[in-house]
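Reading through the C-alpha cells given below for one structure.
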Amino acid sequence: MYCLILAIVCVIIHSANGILYPMESESRQVKDLSGRWRFRTDNSSGRDTGFHERWWERQLAETGRVIDMPVPASYNDITQDKSIRDFVGWAWYETSFFAPNAWDNEVTNVWLRVGSAHYYAMVWLNGEQVMEHEGGHLPFECDVTMSLNFGATNRLTIAVNNTLTPNTLPPGEINHYNGKDEYPAGYFTQEYQFDFFNYAGIHRPVKLYTTPRLRIGEIVTNSDVTADHASATVHYEVTVTDSARRGQEMASYNITVVLEDSTGAIINKTSGGSGSITVAQPMLWWPVGMHDQVGYLYTMVVYAGRLGVSAPITTDVYRLKIGIRTVTVDQTLKINGRPFYVIGVGKHEDWDVRGKGFDWSMVVKDFNLLDWLGANAFRTSHYPYAEEIMQMCDERGIVVIDECPAVGMRSANNFVNKTLTHHLNVIGELVTRDRNHPSVIMWSVANEPSSQLPPAAQYFKTVLDRARELDPTRPATFVCNAGYDSDLATPYVDVVCVNKYEGWYNDPGHVEVIQKRLSYFLTQWHEKRSKPVIHMEWGAGAIAGFHSDPSLMYTEEYLCDVMREHFATFDSLRTGSNPVLAGEMIWNFADFATAQATTRAYGNRKGIFTRQRQPKSPAFVIRDRYRALRNQSVAERQTELELIGEHWWREVRESWDRSL
Ligand code: GCB
C-alpha cells in the first residue's frame with residue numbers, strides 16, 4: 001500500500017529538457033534560496049498525512065514540529081535521529097523569501113529552479129502547486145511570475161520522496177513484512193541493488209532567476225576542427241520563447257551571436273537562430289596532459305531582442321562558455337584527432353555530514369586532489385553530477401564520462417516499457433543539460449545492468465540510439481559487467497567499458513594471477529567487439545590504517561599490490577599500433593557511504609582517499625603512475641613541437657616537473 005502513494009501523485013511530469021544554467025547578465029538576475037530551511041518528515045504509516053492535511057496550504061510549523069535543515073544537503077546525516085537517517089517516504093521542506101517590487105513589471109519573468117531533489121519532488125509556491133519532477137539528479141524549473149507576491153514575503157514548500165521502485169532510476173523495491181509476526185506491525189524496508197547510500201533531500205541549490213519575457217530558452221553548440229587545427233567552425237542553434245504571448249504568435253525578434261576569446265576580445269559575430277562562426281587559428285580545448293593551455297574556453301554571447309524595441313531590458317543576454325574540440329572513436333579514442341588515454345577515477349557525490357548535498361569546499365577540494373593525482377578524467381558514477389562540477393571540468397581540462405542514474409538494473413522487471421519511457425526522459429534531460437560542455441566526451445547510459453538478459457539488447461539499443469540522436473557528436477556506452485560471452489548489449493556501444501575486480505571479487509587474496517587473468521579478459525573484449533576498451537572499475541578494499549606485510553586483503557599494502565599488477569597489464573595493453581586499452585579508472589576516488597551490509601564496513605573502503613579526503617598509501621602509488629603518464633604525453637608533444645621549431649613547450653614541461 002505504501003508504494004501506491006507515489007503512483008497516485010505522479011500526475012504531471014515537467015521535463016527539464018534544455019534548460020540553461022541560471023547565469024547573471026545585464027538582463028538576468030539570480031537569487032539563491034540556499035540556507036536554513038524548515039523541515040519535517042511525514043511519519044504516518046502511509047506517509048500520506050501531509051497530502052490529506054494539505055501541509056502546503058499553511059506554515060509547515062503549524063502542521064507539527066519542524067527542525068532546521070540546510071539546503072542544499074542530504075537530510076540523512078544532519079541530525080542525531082536514526083529515524084531521519086533511515087527515513088523512507090515524504091519529507092517536507094519550507095522556506096520564505098522576499099520578491100522585490102522591481103521584478104513586477106511588463107517585461108520580466110521570474111523562474112524557480114531546483115538544481116536537484118532526490119527522488120520525486122512536488123513544489124508549491126504560496127500554496128499553489130507549481131512543479132512536480134521525477135528523478136533525483138537533474139534540474140527542473142518553471143515560470144512562477146504569476147504565483148509570486150511581489151514586494152512581499154513568499155512561502156515555498158517542497159516535498160521530496162526517496163522511495164525507489166522497480167521503475168525508478170535507480171530502481172529499488174519496498175519490502176513489506178505484513179503477516180510476519182516476528183516484525184513490528186507495518187514494518188517495511190527499502191531495498192536496492194546498487195552500492196551507495198540512497199541519500200535524500202534537496203541536493204543542489206534552489207534559485208529564482210529573472211529573464212525578459214522574450215528569452216533565450218536553449219543554446220546548442222558543437223564544433224568542427226580541420227585536421228591541421230588551423231581553423232574551426234562553431235555551430236550553434238538558439239531557441240527563443242516568448243511567455244508574454246503564450247498561445248499567440250511569437251513577436252518578431254532578432255538574435256545576435258558574438259564569439260569572444262578568453263580575454264573578452266571579439267573573434268567573430270553573426271546573427272540568426274542557427275548558424276556557424278569560423279575561427280581562424282583556434283585555441284582548442286585540450287584535457288590535462290595534452291597541451292600547455294588545458295581547458296581553453298571561449299564565450300558565446302547570445303542576444304535575443306524584440307524587433308523595433310531598443311530598451312536594453314527587453315534584450316535577453318546569455319553568456320555560454322564553450323570549448324572547441326572534437327571527439328572521435330576509431331581504433332582508439334581521440335580528442336582533436338590525437339589518441340587520448342584515460343587515466344581517471346570513478347567518483348561519487350558523497351561527503352561527510354552533507355551526504356550528496358552540493359558544497360563548494362568539498363567540490364574544490366576534490367578538484368585539487370584530482371590535480372594532485374595527475375588524473376585527466378572521471379566518470380560521474382552513477383548519476384549526473386552538479387552543473388557547477390561540469391563547469392569546473394571544462395575549466396580544468398578534466399574529461400568526463402557522463403552517466404545516467406541507471407544503476408542496479410539487475411532483474412527482468414527493470415527492462416520494461418515503464419522504465420524505458422523514464423530512461424529516455426532522463427537521457428533527454430541529461431544530454432540537453434550537458435551537451436555544451438567540452439569536458440563531456442561520452443555518455444554512459446547505465447552501470448552494470450544485467451545485459452545478459454534477452455530484453456536488455458533491444459532496451460539498450462533504444463537508449464543508446466536516443467543519446468546519439470540527441471547528440472550525434474559524442475560516443476555513447478554503458479558500463480558492462482556481464483561476461484564477454486554472455487552480454488547482449490555491447491554490440492550497440494561505441495566504446496566498450498567494463499568493470500572487473502581482479503584480486504578482489506575474482507580470486508580474492510591472489511594477486512599472483514591478476515596479470516594473466518586481466519590481460520586475457522581485456523583482450524577477449526577487444527577481439528570480440530573490435531572497439532576500444534576502457535577498464536572502468538577495478539580496485540580493492542583498503543581500510544585506512546590497516547597494514548600487513550606480506551599484504552592481506554583490506555590493508556593499504558594489499559591495494560598497492562593489486563595496483564602494481566594492474567599497471568603491468570595496462571602498460572602491455574595500451575601501446576602498439578592497435579592498442580587494446582583506451583583507459584583505466586580506479587574505483588574509487590574516496591571511501592563512500594553505502595547501505596548497511598555485512599560486506600561493507602562503515603561504507604565502501606575502496607577509496608584511495610578516505611571519506612575525509614586524506615590519502616591512503618595507494619593514493620601515492622596511483623599518483624606516481626598518473627603523473628608519469630601525464631608527463632610522458634607532455635614529453636611526446638614536446639618532441640613533436642620541437643621538430644617543427646616550437647620551443648615554448650619546454651617551459652610547460654619544466655613547470656610540471658617542478659610540481660611533482
Ligand atoms: C561495482 C559497482 C560499484 C561498486 C563496486 C564495488 O562494480 O559498479 O558501484 O561500488 O563495484 O566496490 O563493489
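One-based numbering, in listed order, for ligands and for the atoms of each. Only a predicted model underlies this, so the values are computations on that prediction, with no experimental measurement involved.
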_If you apply the rule side chain to side chain donor-acceptor pair (under 3.5 Å), what do you find for N499 with W538, and how did you get there?_
CA-CA 6 Å; N499 294 347; W538 62 278; over 6 Å; no
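No hydrogens or angles considered: nothing links the side chains of R47 and N161 as a donor-acceptor pair under 3.5 Å.
Atom numbering of ligand 1 starts at 1 in the shown order; those under 4.0 Å from a heavy atom of E448 are 1 (C), 2 (C), 7 (O), 8 (O). Less than 4.0 angstrom separates some heavy atom of N604 from each of these atoms of ligand 1: 6 (C), 10 (O), 12 (O). Annotation for ligand 1: atoms under 4.0 Å from non-hydrogen atoms of R600 are 6 (C), 12 (O), 13 (O). Atoms of ligand 1 found under 4.0 Å from any heavy atom of H382, numbered from 1 in the order shown, are 3 (C), 8 (O), 9 (O). Counting the atoms of ligand 1 from 1 in the order shown, those under 4.0 Å from a heavy atom of F592 are 10 (O). Listed by number with element, the atoms of ligand 1 under 4.0 Å from a non-hydrogen atom of N499 are 7 (O), 8 (O).
Only side-chain heavy atoms of N447 come within less than 4.0 Å of ligand 1; its backbone N, CA, C and O stay farther off.
Here K616 contributes atom NZ and F546 contributes atom CZ; the two are 10.5 Å apart, rounded to the nearest 0.5 Å. Residue D352 holds its CG atom at 4.5 Å from CD of Q612, rounded to the nearest 0.5 Å.
Closest protein heavy atom to atom 10 (O) of ligand 1: D195 OD2, 2.5 Å. If you check which protein heavy atom lies closest to atom 12 (O) of ligand 1, you get K606 NZ, 2.5 Å. In this structure, atom 1 (C) of ligand 1 lies nearest to the protein heavy atom E537 OE1, 2.8 Å.
For the pair K500 and F521, the cation sits on the ring face: its NZ or CZ lies under 6.0 Å from the ring centre, inside 45° of the axis.
Considering W538, Y501, Y505 only, the shortest heavy-atom separation from atom 13 (O) of ligand 1 involves Y505.
For the pair D485 and K528, the salt-bridge criterion is not met [side-chain N within less than 4.0 Å of a carboxylate O].
A distance-only check finds a donor-acceptor pair linking the side chain of T432 to the backbone of G428 [under 3.5 Å].
Around atom OH of Y177, more than 12 heavy atoms belonging to other residues, nucleotides or ligands sit under 6.0 Å away.
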